[in-house]
There are 2 protein chains.
Amino acid sequence: MATGRTHRPATRSRGIPEATVARLPLYLRALTALSERSVPTVSSEELAAAAGVNSAKLRKDFSYLGSYGTRGVGYDVEYLVYQISRELGLTQDWPVVIVGIGNLGAALANYGGFASRGFRVAALIDADPAMAGKPVAGIPVQHTDDLEKIIEDNGVSIGVIATPAGAAQQVCDRLVAAGVTSILNFAPTVLSVPDGVDVRKVDLSIELQILAFHEQRKAGEETAAGDGALPAATAPAVAADDSTDQGPDGDVPAVMPA
Amino acid sequence: MATGRTHRPATRSRGIPEATVARLPLYLRALTALSERSVPTVSSEELAAAAGVNSAKLRKDFSYLGSYGTRGVGYDVEYLVYQISRELGLTQDWPVVIVGIGNLGAALANYGGFASRGFRVAALIDADPAMAGKPVAGIPVQHTDDLEKIIEDNGVSIGVIATPAGAAQQVCDRLVAAGVTSILNFAPTVLSVPDGVDVRKVDLSIELQILAFHEQRKAGEETAAGDGALPAATAPAVAADDSTDQGPDGDVPAVMPA
DNA sequence: CAATCTTTGTGCACGCGTTCACAAAGACAT
DNA sequence: ATGTCTTTGTGAACGCGTGCACAAAGATTG
């Protein structure tokens, strides 16, 4: 495997590739579905199909966890569910706070997938005093002023940021200072955090833009000429659209802070 | 998913790496912010910092688009904004439909980032008859029965699925049959689509589980034996080793091609 | 017990993406 | 013009992830 080129005295064991980690939840979901149907065992081929991946990849992924399969038979569903859950740390309970209870924050709070597997919404936090006390998804919203106390009291280490872009970095800083070490960021901003803090981002407009790129490429393949002429080599042309996208107050303008 | 660029031997060297495409929206956002502050030029170093990436990576990314920089000076902000917009296909308008107007669908409909940059919510669709006609974000919700007609009448090629998992595949099939060739899926399900259709997925619980994994690993490093868990099974994890986590890794959008 | 069949686990090769490091290009000062 | 300084653009090396292909392991059958 990953070569023995470690500058470290070995102990490779814990080296689960990031790409594999990202797929484990996918396997877990498929396995859970099988479990609910009381399917006792499953082959790499079947499970791979259910998870939408290649079977060789799946087997290699599992090989990083250990040898949990039986040749000629497949994998024991229940056992694998347990092993993956354990590996992902889902056998324990993770209190999570959601900061920014706008449309998106409320949607997240209501999202069932949260509670289902190891995660628990410990608190909802918003900067709007008018929101304070108001229940969302059965949980009363608390004011940003109490953020630090909430984090501490609940032992929260995972925070979800669903604020407008302008507030994201500030909220992030406070979360981190209060002890949060993992952040899921829905605000369209690049967050900077100290080493040791993990940030993952979910950005709708980026996803759409990537789709648009491919969509345009598809369209261009048919219309040979559609490929746009050479760049207007000279003076910088300004993009047609305005570019000022201060969303109507609501959520997240697609711009960065300073 | 190899993004069907396979069947095309490349009209020319238009082979922009997928990883680069995924970063272009990031650069565009940073550039737009600079543009609004009337900054005329920017160096790869500065822009890279704003976008949260490595400057060498940024320069290489731009090199795929052409040579738009000036040595000793940097890049012309306005010009670059235009070039990237054009490359991403944002100089044209993309009508988008959102299917499934629950909490999440409504949040998406209200999301400002939509309209701002090349995308327009052409229609909201929901299976609940009670929703029909009810305006969300100023747009009346239409019933699923009219899905095909809506797609056709508006020339929609990008669809957003925000339905419950159980309905996602069915909705997907109908969207594709009606002509949609790009799908952004928020439902926690693996969608299967014919070749030529792009699917990107956004999955909250997967993101959380990935964070939990890293969170657990961090905790395990300090409390060798603590935490009740039983990671003993394998060899002991080396305490100071890794350095893997790397928070500000910037890249790796929390979304993956499906 | 031996033969056969199924399915895992993995060595290996390949390709993509990242990063380094530096020559070339241009701006700018003298 | 000439030299210096800044910053781009890219060749090359490296590492990670993917997929192939097959030997090993165990089930199953006769």
Side-chain angles (χ1 to χ4, degrees), chain A residues 1-8 12-13 15-24 26-27 39-49 51-77 79-80 83 210, chain B residues 1-3 5-6 10 13 15-24 26-27 39-49 51-77 79-80 83 210 234 242-246 248-253 256-258:
Chain A
M1 62 157 56
T3 84
R5 68 150 347 349
T6 58
H7 11 289
R8 276 300 171 193
R12 39 90 132 108
S13 63
I16 300 181
E18 192 57 32
T20 294
V21 172
R23 279 188 295 269
L24 291 181
L26 227 46
Y27 302 144
V39 177
T41 63
V42 64
S43 70
S44 64
E45 202 68 51
E46 294 168 318
L47 184 55
V53 304
N54 177 301
S55 71
K57 194 186 294 183
L58 178 144
R59 286 197 300 277
K60 180 147 293 194
D61 283 342
F62 285 177
S63 77
Y64 293 117
L65 306 184
S67 292
Y68 296 146
T70 303
R71 300 181 189 221
V73 176
Y75 299 90
D76 181 284
V77 173
Y79 189 53
L80 206 44
Q83 289 300 342
I210 295 172
Chain B
M1 57 76 164
T3 36
R5 80 153 131 330
T6 16
S13 53
I16 300 181
E18 191 58 33
T20 295
V21 172
R23 279 188 296 268
L24 291 182
L26 228 43
Y27 302 145
V39 176
T41 63
V42 64
S43 70
S44 64
E45 202 68 51
E46 294 168 317
L47 185 53
V53 305
N54 178 299
S55 72
K57 192 186 292 184
L58 178 144
R59 286 198 300 277
K60 178 141 293 192
D61 282 342
F62 285 177
S63 78
Y64 293 117
L65 306 184
S67 292
Y68 297 145
T70 303
R71 300 178 191 227
V73 176
Y75 300 90
D76 182 285
V77 172
Y79 188 54
L80 205 45
Q83 289 300 342
I210 294 172
T234 45
D242 58 349
S243 70
T244 41
D245 52 0
Q246 191 44 276
D249 59 45
D251 19 43
V252 202
M256 322 168 53

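Please read all numbers here as calculations on a predicted model, not as lab measurements. In what follows, chains carry the letters A, B, and so on, assigned in the order in which the sequence lines appear, proteins first and then strands, with residues in each chain numbered from 1.
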Checklist entry - Partners of B:Ala49 by side chain to side chain contact (heavy atoms under 4.5 Å, CB included), sequence neighbours excluded? => result none
Checklist entry - Rounded to the nearest 0.5 Å, how far does CD1 of A:Ile210 lie from CG of B:Leu24? => result 9.0 Å
Next on the checklist: Does D:dT18 have OP1 or OP2 under 4.0 Å away from a side-chain N or O of A:Arg23?
Outcome noted: yes
Checklist entry - Expressed in angstrom and rounded to an integer, what is the separation of B:Asp76 atom CG from D:dT7 atom C1'? => result 15 Å
Item to check | Euclidean distance, atom OH of residue B:Tyr64 to atom P of C:dC16 [Å, nearest integer] | outcome: 10 Å
Next on the checklist: Between A:Lys57 and D:dT18, is there a contact of a side-chain N or O with OP1 or OP2 at under 4.0 Å?
Outcome noted: yes
Checklist entry - Could you state the CG-P distance from B:Leu65 to D:dT8, rounded to the nearest angstrom? => result 15 Å
Next on the checklist: Rounded to whole Å, please give me the gap between CZ in A:Arg59 and P in D:dC20.
Outcome noted: 10 Å
Item to check | Distance in angstrom units between A:Glu46 CD and C:dT8 P, rounded | outcome: 9 Å
Checklist outcome for this item: Whole-Å distance, A:Asp61 CG to C:dT10 C1', equals 13 Å
Next on the checklist: Using whole Å, what does the distance between atom P of nucleotide D:dA25 and atom CZ of A:Phe62 come to?
Outcome noted: 21 Å
Checklist entry - A:Ala56: what forms a side chain to side chain contact (heavy atoms under 4.5 Å, CB included) with it, not counting sequence neighbours? => result A:Asn54, A:Arg59
Checklist entry - Counting just side-chain N and O atoms, does A:Tyr75 come under 4.0 Å of either OP1 or OP2 of C:dG9? => result yes
Checklist entry - Where the side chain of A:Glu18 is defined as all heavy atoms beyond and including C-beta, which of D:dG17, D:dC20, D:dT8 is the nearest nucleotide? => result D:dG17
Checklist entry - Looking just at side-chain N and O atoms, do B:Asp61 and B:Thr20 make a donor-acceptor pair shorter than 3.5 Å? => result yes
Checklist outcome for this item: B:Leu47 atom CG is separated from D:dT7 atom C1', nearest whole Å, by 14 Å
Item to check | 5′-ward residue of the pair A:Gly74/A:Lys60 relative to DNA chain C | outcome: A:Gly74
Item to check | Distance below 4.0 Å between A:Ser44 side-chain N/O and C:dT8 OP1 or OP2 | outcome: yes
Next on the checklist: Within the 4.5 Å heavy-atom criterion, are B:Leu65 and B:Ile16 side-chain neighbours or not?
Outcome noted: yes
Item to check | Residue pair A:Phe62 / A:Leu47, side-chain heavy-atom distance below 4.5 Å | outcome: yes
Item to check | Nearest-nucleotide comparison on DNA chain D, the residue closer to the 5′ end among A:Ala56 and B:Glu45 | outcome: B:Glu45
Under 3.5 Å, which protein N or O atoms sit close to an N or O of nucleotides 23-27 of chain C? Give each pair with its distance.
{"unit_1": "C:dA24", "atom_1": "N3", "unit_2": "B:Arg71", "atom_2": "NH1", "d": "2.8"}
{"unit_1": "C:dA25", "atom_1": "O4'", "unit_2": "B:Arg71", "atom_2": "NE", "d": "3.3"}

Next on the checklist: What verdict does the ring pair (Phe, Tyr, Trp, His ring centres under 6.0 Å) test give for B:Tyr68 and B:Tyr75, after you've listed the backbone C-alpha separation in whole Å, the side-chain angles of each residue and the deciding distance to 0.1 Å?
Outcome noted: CA-CA 7 Å; B:Tyr68 297 145; B:Tyr75 300 90; 8.6 Å; no
